[in-house]
Each structure stands twice: as C-alpha cells, then as structure tokens.
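What follows is a single structure, written as structure tokens, with notes after it.
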Amino acid sequence: MAIIDLPWCHDELVSVLAETSDQEMTTECRTALLESRNVDVHSIVHDWVTRHPYEKPDIEYLTIGELAKQRRDAIVQFEMQTLHDRTIILRDHFKPGVEDA
C-alpha cells in the first residue's frame with residue numbers, strides 16, 4: 001500500500017490490465033489502482049471495467065469459484081483496511097511523480 005502512488009507501481013499494475021480481460025485475475029490490481037490518490041489511474045480502471053464488464057452467472061448455477069470471484073473485491077478491501085495503520089506511516093515517504101534517483 002505504501003508504494004501504490006509511485007509511477008512504476010502504476011505502470012506495473014496497468015500492464016496487467018493491458019494483458020488480460022480476466023476479471024478474476026485482475027481484481028487485486030484494479031483494487032490497488034483504485035487506492036491510489038491519482039484520479040487518472042482511477043480512470044484507467046473504470047475504462048478497463050467498461051471494456052470488460054463482469055457478467056454475473058445465474059444464481060442457480062453459481063460455482064464456488066464464481067462466488068469467490070464476486071467476494072474477492074470485498075476481501076481485498078478488508079485486507080487493505082486491516083493493514084492501513086501499518087502502512088499509512090510509510091505512504092508519505094513515497095511521493096507521487098517522484099522517481100528514485
């Protein structure tokens with residue numbers, strides 16, 4: 001969480017989105033990008049979701065994998081909130097737009 005606003009981190013996470021249309025494989029990347037303070041990064045995620053919408057399966061035929069997929073965003077958010085206090089003190093040591101020298 002402390003490095004989410006570094007440009008190289010954005011680049012790595014966005015490259016995952018560029019390589020696949022798989023909702024499940026990109027959940028963590030999308031969630032991490034949405035935690036950034038950079039609204040341009042948020043736009044990239046929203047555009048990706050628009051191009052690759054999630055189609056919910058018929059509840060009658062819901063598999064364990066599909067259930068996990070639907071809950072993954074909430075689980076990642078919960079984990080990030082749990083770690084928030086440990087990482088927030090580091091976050092401001094990494095300034096957005098400043099490359100390592």
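Small disclaimer: the values here were computed from a predicted structure and weren't measured.
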Next on the checklist: To check you understand the geometry: which heavy-atom pair defines the closest contact between Gln23 and Arg30, and what is its length?
Outcome noted: O-NH2, 2.8 Å

Item to check | Whichever hydrophobic residues join Val49 through chains of side-chain contacts under 4.5 Å | outcome: Leu13, Val14, Leu17, Leu33, Leu34, Val41, Ile44, Val45, Trp48

Item to check | Remaining members of hydrophobic cluster (4.5 Å side-chain criterion), Val39 | outcome: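 So far as hydrophobic clustering goes, Val39 is joined with none.
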
Next on the checklist: To the closest 0.5 Å, what do you measure between SG (Cys29) and CD (Glu19)?
Outcome noted: 9.5 Å

Next on the checklist: Using the rule given for side chain to side chain donor-acceptor pair (under 3.5 Å), can you reason through His42 versus Ser36, listing the C-alpha separation, both sets of side-chain angles and the distance that settles it, and then say yes or no?
Outcome noted: CA-CA 8 Å; His42 297 186; Ser36 171; 5.0 Å; no

Checklist entry - Any side-chain heavy-atom pair from Asp47 and Arg51 closer than 4.5 angstrom? => result yes

